[in-house]
Structures are given as C-alpha cells and as structure tokens.
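The chains referred to below are lettered A, B, ... by the order of the sequence lines, with proteins before strands, and numbering in each begins at 1. Values in this document were obtained by computation on a predicted structure and should not be read as measured data.
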2 protein chains.
Amino acid sequence: MATISDVVKKSGISKSTVSRVINNHPSVSEEKRRKVLQAMEELAYTPNPTARRMRGTLKSSVGLIIPNVTNPFFSYLIHHIEQRLSEHSIRLIIMQSSESREKELEFLDLLKQKQVDGIILAAVENEMEAILPYLEYGPVMLCNEYVQTGEIPIVRLDQERAAYIGVRHLIEKGYRRIAYCTGGLFAEDGKDKDRNNGLRRAMEEEGLPIRPEWVFVDQHTIADGREVMRRLWQMDDRPDAIFTGSDEVAAGMTLSARELSIRIPEDIAVLGFDDQPLAELTYPQLTTIHQPIDEMGRLAADVMIRLFTEDKPQNMNYELPISIVERQST
Amino acid sequence: MATISDVVKKSGISKSTVSRVINNHPSVSEEKRRKVLQAMEELAYTPNPTARRMRGTLKSSVGLIIPNVTNPFFSYLIHHIEQRLSEHSIRLIIMQSSESREKELEFLDLLKQKQVDGIILAAVENEMEAILPYLEYGPVMLCNEYVQTGEIPIVRLDQERAAYIGVRHLIEKGYRRIAYCTGGLFAEDGKDKDRNNGLRRAMEEEGLPIRPEWVFVDQHTIADGREVMRRLWQMDDRPDAIFTGSDEVAAGMTLSARELSIRIPEDIAVLGFDDQPLAELTYPQLTTIHQPIDEMGRLAADVMIRLFTEDKPQNMNYELPISIVERQST
DNA sequence: TTGTACGCGTTATCAC
DNA sequence: GTGATAACGCGTACAA
C-alpha cells in the first residue's frame, strides 16, 4: 500500500500540501492540486484509516449491540442498518450481548478504547446510570428501546400503543378472556413495560381483568410457545385468546395446538408480534403486530451518521408507527 | 483513557520497560514489573488498540462476507462465529455482498487497507483468480464454499454427498419422478455445482432421468417456492417429489400446496435443505438435510485464529458430515 | 500559498 | 536489565 510519503516523492510536493489536497482544503494552487491528484492516481493511493483513526479524524465503524443475531427481528435490523451504513462506507460490528450485563459493558468499553466510533444499543441490560457515562466517549444511541431520559438519542416503535392496538383487536373480535405472554417481565418498570402498560390500558378500558395465572413471562422461543399452549390446556379455566410477545412464541403455539387438536382461532385465538416471514408459514397464518423494522434500521443509521457529523444535533427522538396485520389466527 | 506515558509518569520507569511489562517480556526485574503493574492498575490502563494496529502488532477484527444476514442460514453462521471469536476478544464485522461482485471486492479491499485483519468468505461471487491476490494482504478463508485450489483454507460441508443422500432418501421412499430446485444454477461448474453433481450421481445410479422442465434455478425465497409449486401444478405431467435448495423454498411450497389443496407428501413429496427452525413450523413439517452450522461456524473461527497465530498452518481443509432429518413432507 | 516539525500511542532496535 | 530513540502514517500549528 502506498503511503502519503510515496505521493510526496512522486509529486515532489510537501507532505502538508499533499494532506491538504487529500482533505479538500481550499488553500492549494490548482497546479499543485493537479500534480498531487495525478500522483495519487498513479500510486492507487488510499489514506490509511488506522493512522487517521489515531489522529482522531476518522469515523468508520459502529457497533450494534443486540441480544442474539438468530432472532429474525434483529437479523432484519442488522440488515437494514448495515445497508444504510455501507452507503457511507461505515462498517457495522455485531455484538451479541446474550442478555449479559457484563458483556454489554465490555462492548460499550470498546467505544472508550476507540475501537468503534459509535454504538447503537438495540437492547439494554444495564441500568441507564451505568450506560450514560459512556456518552462522554462518543455517540451512543438507543434503537427499539425506550428509556426516560432526554440525554440519549432514541429511535423506537411505540410499544405501548402496539400492545394497546393488539388487545383492542382481540376485544373487538369478541374475545374477553385474554391471556398474555411476554418476552420480558410483567412488572411496572421492567423489560417490556411499555407493552405491559398498553395491555393494561386496553383491558381496563373494558373492565376486563388480567388474571395472573394467564400471564407468562420470559417466553421467547418456538419451544416456549409450544409449552405455554400445553400448560393452558391443562387448566380447567381457559382463556379464549392469547396475546404473545413474538411470532416465534405464537408459532410454537400453533404447533402444540396441532398436536393437541386445538383449533385456532375457534378454541383459542393467537395474536403474534413482529410480522416476521414465519407468520405466514404457520397453520393457521398469524394475525400479528407489524413493526417497520426496515424504516427503524435505516433511521437509526441516519441518526448515528448525524451524530458523527453534527456537533449538537437536536430532536433526536423518533417514534415510528405500528400497525396490525390481520390473518387467520384471531 | 490513560496512555503508556501516564504509566511512565506514575511509576517513574521508562517507556521501554513499561512496554516490556505490558507484553510479558522476560527481561524485567521483578521489582520494576511490580511497580509498573501497580501503576497500570491504578490508572486502569489499557493499551490503545489503534496504536498497536498501526505498529502492525494487533489482530482484532475479522470480516465475514455473506450474501444477506436475513437468510437464517447465515444469521446462525454469524452467531456461532461471533461467539467463538468474542472468546478471543476478536470483533466480527458483517459485510453483505448482496451477491454483487463489486461489493465483494470492495470488502476484500478492506484487508489491504488493514481495516480488518482477516476475511471469512461465506459466499464467493468472483472468480478465484480475482480473489487469490488478496491472500497477500492477510488471511482469507472460505466457509461453506468449495473451490478447487490448494492455496486457501476451507471449512465446508460435503454438499455433493448431502444432495446424494437427499435424492437417495426420495428414491428409497419410492419416488421416481423427481424434480429439482436450486438456489444456484444447474451448470456443470457454476454455483451449487456440488449439489448438482450429487443429484446427478444418485439419479444416474438408478437410471432415472433429470427432466429439464422439472429443474428450477435461482430460487431462494418463500415467495419463490410458492411460485414453483404453482407452476408445477399447471403441468400436465407432474413430478411426485421435489428436492429443494433450502427450507425457505420448501416452506413456500407448503403454502401454495395448502392454497391449491395439494397434499404433501401424497400428491408430491417435498424435501428441504438446511434444517432451519421453520422446518418444524410448516404443515406438514419438513423432511430436510441437516447442516451442522454451529460446528462449521466455530471451526471457521478457530481456523481464522490459527491463521493469525501460526505462520504456516497446514491441513487447513475441513469437511463436516451432513445428515438427513426425516419429518412428514416425504 | 507552502513547508517544517511535532504529536497521536505503541513497539522494536540499539546501545549501555 | 534498562532506557533513549526511531518508526508506523497521518494531520496540523506554526512559521515563512
């Protein structure tokens, strides 16, 4: 690889002027600029990104912290973020936190060490108090996560409203005995609290009770969904509909329903979440909450790029609309 | 962030000796070593990776070139590679080639620029002649791709045998009129040629013909599979089984089968490929070829790490076994 | 407008 | 065993 010194030799022009040409500084005579450009061309010169990075003048990589790549929601998110970033020649580094607080902090530390120039958090395990200090070292933003604080840029979906819409849909279809299944916890202030609140609001509006034995927490996989349906069917008093936290879980339910000869939606309605490709594959196909992952990913990338280029960007709080896709499971 | 100079000041010991301590050089007195370590501790000093990289003494990132993250096969591959690499504090950079030759070369160029320290190619678009020159700039290896050349390390699955096993399975089940659907082309020497050859071998052994009108190329998605099934059903002369190139395509077929009231496997058997989670979700559940993605991913990471640490590693050609998972679609 | 000299943080070479 | 010094490739304050 040719270096700036090679260009200096070949063009007979000083290093600083060459550097000025590279960085498009105005004060360079046309003649020298031409000569330098020609030498660069002939040598196929490209500035060494590592050296630039050491000088502190380069932004070329952002880290994306997610729980797990194999979750289609996140793989789609990666896809759209990577596409947009690559248009700006910025590299995306994948960091799987595996829901570990330690790993999350380890990854954030890479910002401090200038291993990455910015970090998009698509999941947060630690308390915000632990995360905010890292803002000092470079841009950190949230994507698909919501935390009350004005300090950190956020791109997100309105999960409260999503859950509300979902439950309203069930109610309007005539279901009253509604079960709930979440990937988080059913606490006032824990993971997925927005969805929980949306559920509560919709249920309370109709005066419907949330029965504790019909609430399932920390459910994520197809296998989890399978098991939930089995447990529901061992109950004497069963719900007539269930609102799940993901299409995977809902898909798992369709599986055990088939095994147990349970009819969906006649015996029980199942509402998914995410609108993943598999929502069309199950039998019956899933009614589900559509999340605009593509828009969210591109927007997150755009925000990060603005964070790189502008000093004090304002209004860095985006909320994207969510809708319901009606198929056969409700 | 504290630098080596800070450690020098705090410990009163020269930069060279501090550096020796950092890099575990033997010739340092116990006393100085202790002092230096203590200063490092107090300052929470970590060597600056960028500076190390510029000196050429750091290997900390590998790029993974794949066509598309959203393909579950690749997202699982990413998962396993990232997990293993992160055990060694090595970062994984995702590069989606989108099946573009130009993009692939662009990414390979990052090796030249020392933006990444090694590259795993999980898909190759260009001819090997275009790729081999990059070996000069750092480790490049193939994963899940097979190209005849002794020069480049390879971790792969025996696709020829996989296809052979699949077709054998269909034949043993009594199917004789076998259609074929591939993500590549049906050429002697193009993409997916190994699978093609496995198919040919199995068919020829039984004296079965491969009928051109029953061969579908360049099929990848659920939508593609859906369409293929529709086209098959418009034929007067239909196959009694079809061997697909991926579970997605097979899943798409189950969808249009349902729409057209085609019974699987009674009217037509469908054999998937990959053994993805969705293979259990379709109706009927897919018989499919199981690929040990987990092992392959970990092994690829291990090979790359050996490429970093050993100078002239030998025997860098691994082939993992493949098996068939029998469910309901055949 | 142009060029010299220095610093970014590290490691390697060379003397002592 | 130890420490001064150069070097990696680049950008920039400063002087000219």
Identify every side-chain donor-acceptor pair in residues 58-74 of chain A under 3.5 Å, counting partners at least two apart or on other chains, and give the distances.
unit_1  : atom_1 : unit_2  : atom_2 : d
A:Ser60 : OG     : A:Arg53 : NH2    : 2.8
A:Asn68 : OD1    : A:Thr70 : N      : 2.8
A:Asn68 : OD1    : A:Thr70 : OG1    : 2.6
A:Asn68 : OD1    : B:His79 : ND1    : 3.4
A:Asn71 : OD1    : A:Phe73 : N      : 2.8

Distance-only donor-acceptor hits, side chain of residues 152-159 of chain B, under 3.5 Å, sequence neighbours excluded:
unit_1   : atom_1 : unit_2   : atom_2 : d
B:Arg156 : NH2    : B:Glu319 : OE1    : 2.5
B:Asp158 : OD1    : B:Glu160 : N      : 3.4
B:Asp158 : OD1    : B:Arg161 : N      : 3.2
B:Gln159 : OE1    : B:Arg195 : NE     : 2.8
B:Gln159 : OE1    : B:Arg195 : NH2    : 3.3
B:Gln159 : NE2    : B:Gln291 : OE1    : 3.2

Using a 3.5 Å cut-off and no angle test, enumerate the donor-acceptor pairs between side-chain atoms of residues 105-115 of chain A and protein atoms at least two apart in sequence or in another chain.
unit_1   : atom_1 : unit_2   : atom_2 : d
A:Asp109 : OD1    : A:Tyr134 : OH     : 3.1

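Each end of the helix from C:dT1-D:dA16 to C:dC16-D:dG1 gets its own axis from five base pairs, and the two axes differ in direction by 50°, given to 10 degrees.
Contacts of A:Glu82 classified as side chain to side chain donor-acceptor pair (under 3.5 Å), with partners at least two apart in sequence or in another chain: B:Gln96. A:Ser29 pairs by the side chain to side chain donor-acceptor pair (under 3.5 Å) definition with nothing, not counting sequence neighbours. With sequence neighbours left out, B:Arg306 forms a side chain to side chain donor-acceptor pair (under 3.5 Å) with B:Glu310, B:Tyr318. For A:Asn126, the side chain to side chain donor-acceptor pair (under 3.5 Å) partners are A:Glu104, not counting sequence neighbours. In this structure A:Glu129 satisfies the side chain to side chain contact (heavy atoms under 4.5 Å, CB included) test together with A:Glu127, sequence neighbours excluded.
In the region residues 28-36 of chain B, proximity to DNA chain C at under 4.0 angstrom, judged on heavy atoms, holds for none of the residues.
B:Arg298 and B:Glu295 are not joined by a salt bridge, as no carboxylate oxygen comes within less than 4.0 angstrom of a charged side-chain nitrogen.
Regarding B:Leu58, its CG atom lies at a distance of 12 Å from the P atom of C:dA12, rounded to whole Å. Residue B:Asp6 contributes atom CG, which lies 8 Å from atom P of C:dG9 at whole-angstrom precision.
Among residues at least two apart or in separate chains, salt bridge (Lys or Arg N to Asp or Glu O under 4.0 Å) pairs with a member in residues 20-31 of chain B are B:Glu30-B:Arg33, B:Glu31-B:Lys35.
Within 4.0 Å of A:Ile13, counting heavy atoms only, lie sugar-phosphate atoms of the nucleic acid but no base atom.
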Base contacts versus sugar-phosphate-only contacts with protein, heavy atoms under 4.0 Å: please encode nucleotides 9-16 of chain D as B, S and - from 5' to 3'. BBBB----
